[in-house]
Amino acid sequence: MADRRRKDWGVTLVLGAALLLLAMAATWQSWFSELDNLIYDSFIRQMNTPVLDDIVVVTIDSKTLATLGRWPLPRKLHAELLEKITEGKPAVVAMDIIFSEPDLRHPQYDRELVESVRNNGRVVLPVVLERYSSGPELRESLPFPELRKAAAALGHVHIELEADGIARSAFLMAGLDRPVWPALSLAMARVAGDWPESKGFPRSGKTPVYTDMSPNVWRVHRQVLIPFPASGKDISKLSYADVINGDIPANRFYNKYVLIGATAAGLGDNIPTPISAHGRPVSGVEFNAYVLNGLLQDRLIVPVSVQWQYLFNALLMLLLYRPRGWGWVYGISLLLLIVLGMDYLLLSGFGYWYPPVVMLVSIVLFFLAANGHLLRKLLRVLFEERRLSQTALTAIGEAVIRLDERGHILKFNPMAEKLSGMSSVEAEGKDVDDVFRLVYSDNGRRFSLQHYLAGEHADFHHVLALKNSQGDEYQVSVALSTVPGGNGDRRTTVMVLSDVTKEHALASEVTHRETHNVLTDLPNQDLIVKRLRNALARASMNGKSLAVVYLDIDYFSKINEARGIEVGNHLLQAVADKLSDFLGEKVDIGHIGGDEFLLVLEEHKIDRSLEDMVGLIFALFARPLHLSEGDVRVSVTLGVSMFPEHGDDPELLIGRAGAAMHAGKDEGGGQIIYYEPGMQDRANRALVIEAQLHQALDSGRFEVFYQPLIEVSTLKVTGVEALARLRDADGSYIPPDEFISVAERIGLIAEMGYQQLYKACVQLEQWRQQGFSLRLSFNFSPRQMSSPKLIEKIERIFKLTGFAPEFLDFEITENLLLSNDRLVEHVLKQIQAMGIGVTIDDFGTGCSAMSYLTRFHFDRLKIDRSFVSELHVRTGSTAITSAIITMAHDLEMGVVAEGVENVEQFELLRSQGCDEIQGYFLGRPVPAHELQEYLEANQGYARLPS
């Protein structure tokens with residue numbers, strides 16, 4: 001009996017030693033890592049880690065791109081966002097955005113960003129691992145120097161995927177050659193004072209000893225596992241667009257940890273995590289927020305080192321003995337549950353992760369060694385467990401592909417089968433470049449993995465185009481990460497492909513909208529300038545000429561006002577279609593705003609001279625344009641500048657073409673004008689006036705002059721005409737015709753008119769209270785006439801000023817009267833219903849308006865100054881004014897003659913029965929205080945010159 005017991009113990013010891021060695025080998029080689037990961041992921045999803053309200057992520061999402069424009073956003077927006085967040089006094093702000101290079105085109109934006117970072121004083125910026133495009137060498141991408149100095153700290157944002165393509169861990173320290181950079185989350189906690197450097201590091205894995213000290217290696221230290229929150233719980237997220245538009249109050253950020261980063265498809269990383277099977281992959285900024293969430297709660301998980309795993313396995317072997325028969329199955333099962341339970345308690349209660357599968361397998365093998373007939377059942381169980389370990393890869397919506405060091409496929413998940421168009425059996429063992437045809441979306445250049453597999457690290461994140469063996473095309477976000485092999489000298493690469501086709505299409509649509517005119521779908525100014533810059537580079541390299549043509553539709557505003565905005569829009573589309581149909585791909589065409597188009601003619605692309613092509617473009621508009629509302633005949637003015645004669649800079653050539661176009665418009669339009677010296681001076685003058693107009697509107701600096709209207713029979717001042725005046729920077733007055741034409745061209749004439757009317761109503765109400773009851777004669781622009789808010793604006797002015805409608809006389813030009821029956825009729829009915837008088841201005845200068853004199857009731861008719869100036873000068877002029885006065889009186893209208901400048905004109909008009917006169921003879925336009933002095937000195941009457 002004793003001999004048998006000694007024999008049994010001997011067998012047990014040999015078996016235990018063999019199993020211990022086997023367990024050590026399995027631990028060292030990570031044989032059961034997939035099963036360990038499956039258990040770990042299950043535990044993490046059960047832990048229900050709380051999410052702190054102190055963490056806020058400001059996301060650059062699809063809404064942001066649709067609202068604020070394509071990526072990258074201007075740095076002035078980042079500065080503005082940071083200023084808004086700073087108002088709320090956050091604890092710390094991290095910007096997970098790369099600012100490695102200065103913005104050479106907009107250095108002022110960089111200065112604004114640096115100043116915003118400095119003002120905040122608690123901004124953490126990222127350090128990013130990048131690979132040089134020319135080879136496998138790595139580099140640390142840091143913020144540009146001025147920004148780096150302004151930042152409170154820097155933190156790395158490096159993320160590594162594990163062998164199954166899932167990210168579970170982070171490294172508290174990392175760096176190129178030396179791990180000197182803290183993780184972004186740790187840097188934030190240090191800046192906020194929650195984890196000062198004097199406190200050391202949070203609990204983390206031991207620092208590895210590097211035996212290979214070769215340069216250009218990214219070294220990571222202090223590994224931690226991340227306690228991701230349960231499914232359905234998430235970090236608080238706010239849209240970048242909502243914050244910058246003021247929809248989020250500043251106090252929302254008070255004492256908060258704020259992270260700013262990209263989450264829109266194609267911008268941020270798509271990182272699979274243990275919770276991805278129950279939701280979407282997370283972006284890089286969200287991943288760092290989860291790390292911060294665990295760090296602030298001191299819940300980061302420490303992986304048990306390999307040495308401690310050896311020790312635990314050895315202790316277990318001492319507790320086992322040779323079991324017999326099926327009676328021990330229950331005991332072994334209970335032991336397995338105890339191991340899993342203790343492991344979960346160690347993880348959730350103490351924050352340590354011990355991979356249990358080696359111990360579990362050792363227990364089962366020890367039992368089965370004594371019961372050989374159960375071995376086959378064990379193999380079946382292990383096979384099923386291995387199949388279960390693939391469910392994580394199946395549940396994840398990303399393609400996960402494992403590659404060996406040669407780039408040959410080792411494993412394939414179902415999503416990879418869908419994207420490749422191949423089954424896993426067909427694909428395994430093939431070169432990945434043969435299975436996935438990846439190209440760069442922007443230039444169509446083939447992407448090859450071999451370049452990235454040559455180095456020790458193959459970290460890579462990019463959006464590429466994929467075309468599979470079945471002809472299906474996708475846009476995919478590609479992530480590569482190298483995983484060291486178990487024995488230290490072999491490695492595998494994990495490639496994760498995320499299908500972002502829909503998101504990329506949405507982003508492309510947003511980008512298209514940002515670079516093309518919505519109405520005509522032609523390139524807008526930003527894009528056509530970019531194309532012009534490229535064309536100039538080609539022309540310079542080939543020694544060829546180039547023409548920039550600035551096309552403007554003559555009298556478009558009048559067409560728009562007379563026939564309506566919809567007809568105007570259809571007209572612009574018809575012009576765009578005519579240009580595109582005729583020029584095709586030979587000429588770049590841009591719609592840069594309003595009725596203005598820009599064309600870039602490259603000599604080497606067309607089969608005739610540039611001058612001939614410009615002439616053909618002009619001739620396109622000799623025939624009417626066919627619209628659904630009927631044919632419309634238009635003329636155009638073309639301003640042309642030439643490379644190299646007129647410059648070699650895009651902005652300069654466009655400016656000079658625009659100057660030529662405006663010179664042509666000043667001469668009446670409908671012609672081709674080539675740039676000449678001096679035109680730019682006139683264009684610059686127009687720009688100066690435009691700036692003065694904007695400033696005057698913003699500050700209300702428009703002056704109003706008043707020219708008296710005088711009753712001929714009594715010389716009583718019965719009214720005044722309000723006239724706008726604008727001073728230049730040196731204090732001199734700008735000629736009215738000059739600034740009014742600019743105001744009409746840039747669309748400020750309506751707002752200028754409303755401000756002018758308001759000031760005039762205020763002034764005349766003051767005079768009324770002083771005993772001078774005057775009628776206000778006022779000209780509305782055609783743009784105001786077509787405005788749907790005209791009546792609303794007038795009523796509001798009356799309400800604010802207390803001015804009575806019956807003292808306002810609305811002047812409408814004869815040409816406008818003839819332009820659109822329905823528009824005129826509608827506006828006049830509304831105006832007259834309010835009690836406002838209506839005068840026909842400049843009568844006799846347009847086409848015959850006799851029919852309108854009987855269709856509408858007008859209070860007055862104003863004889864144009866051109867007729868008055870010819871009295872006693874041109875034969876027949878006296879008969880014309882007499883006929884106009886007689887006709888108006890027969891129609892019960894008063895008559896005003898404008899431009900009366902001498903006593904002869906005055907006496908003749910008085911003899912013909914003219915009711916009122918206006919002109920320099922009895923009253924020039926003067927400021928309000930001068931006219932008031934005149935009225936007071938003469939008790940409201942005019943004086944005849946001596």
Side-chain angles (χ1 to χ4, degrees), residues 76 105-109 524-526 528-529 532 548-557 590 592-598 637-642 645-669 671 673-705 722-759 779 781-784 925 927:
K76 68 175 181 179
R105 293 186 60 190
H106 305 99
Q108 71 276 20
Y109 295 171
N524 62 14
Q525 183 162 346
D526 289 341
I528 198 67
V529 168
L532 173 56
V548 176
V549 180
Y550 208 121
L551 184 151
D552 182 89
I553 303 173
D554 297 330
Y555 308 110
F556 176 75
S557 60
I592 59 178
D595 61 333
E596 297 178 341
F597 296 81
L598 199 71
T637 300
L638 305 184
V640 186
S641 62
M642 304 290 292
E645 295 93 323
H646 300 145
D648 58 1
D649 178 76
E651 285 76 14
L652 181 61
L653 287 170
I654 293 173
R656 290 183 168 175
M661 182 272 293
H662 287 299
K665 299 281 282 188
D666 293 340
E667 295 175 7
Q671 56 187 312
I673 299 291
Y674 284 82
Y675 173 78
E676 294 178 358
M679 289 180 176
Q680 192 68 53
D681 294 337
R682 294 194 292 274
N684 291 340
R685 171 65 174 166
L687 290 176
V688 170
I689 294 174
E690 182 176 335
Q692 294 287 340
L693 284 168
H694 281 288
Q695 293 173 11
L697 276 177
D698 293 340
S699 60
R701 288 194 297 102
F702 273 110
E703 297 181 34
V704 180
F705 277 30
L723 303 168
R725 292 295 184 265
L726 178 66
R727 291 182 187 267
D728 209 335
D730 60 3
S732 60
Y733 285 105
I734 301 172
D737 291 345
E738 194 173 357
F739 75 79
I740 287 175
S741 64
V742 174
E744 288 178 339
R745 178 171 57 82
I746 64 176
L748 295 181
I749 190 69
E751 183 59 32
M752 187 179 78
Y754 293 132
Q755 286 194 16
Q756 180 186 352
L757 178 60
Y758 174 80
K759 288 185 175 184
N779 276 287
S781 71
R783 187 178 295 274
Q784 284 173 303

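This structure is a prediction, so every number in the text was calculated from the model and none was measured. Excluded from the calculations below are hydrogen atoms, water molecules and symmetry mates; all remaining heavy atoms, backbone and side chain alike, are included.
The minimum heavy-atom distance linking G647 with R656 is given by the pair N-NH1, 4.4 Å. The two residues P650 and V529 come nearest to each other via the heavy atoms CB-CG1, 4.2 Å. Contact between G639 and A660 at its shortest, heavy atoms only, is CA-CB, 3.8 Å.
In this structure, H662 and Y550 have tilted ring planes: the angle between them lies in the 30° to 60° band.
Atom CG of L653 sits about 10.0 Å away from atom CG of L598, to the nearest 0.5 Å. A distance of 12.5 Å separates CD of E645 from OH of Y675, quoted to the nearest 0.5 Å. Between the CD atom of Q756 and the CZ atom of F702 there is a distance of 8.5 Å, given to the nearest 0.5 Å. Atom CG of L551 is separated from atom CG of D595 by 9.0 Å, given to the nearest 0.5 angstrom. Atom CD1 of I528 is separated from atom CG of N524 by 9.0 Å, given to the nearest 0.5 angstrom. To the nearest 0.5 angstrom, Q692 atom CD is 5.5 Å from D728 atom CG.
E703 places no side-chain N or O within 3.5 Å of a backbone atom of R725 that could act as its donor or acceptor partner.
For the pair F597/V549, no side-chain contact is recorded, criterion being any heavy-atom separation below 4.5 Å from C-beta on. At least one side-chain heavy atom of K665 sits less than 4.5 Å from a side-chain heavy atom of D554. Two residues are said to be in side-chain contact when any heavy atoms from C-beta on lie closer than 4.5 Å; I740 and M752 meet this criterion.
For the 3.5 Å distance criterion, the side chains of T637 and D552 fail to qualify, holding no donor opposite an acceptor.
The environment of CG in D526 is crowded: more than 12 heavy-atom neighbours from other residues, nucleotides or ligands sit within 6.0 Å.
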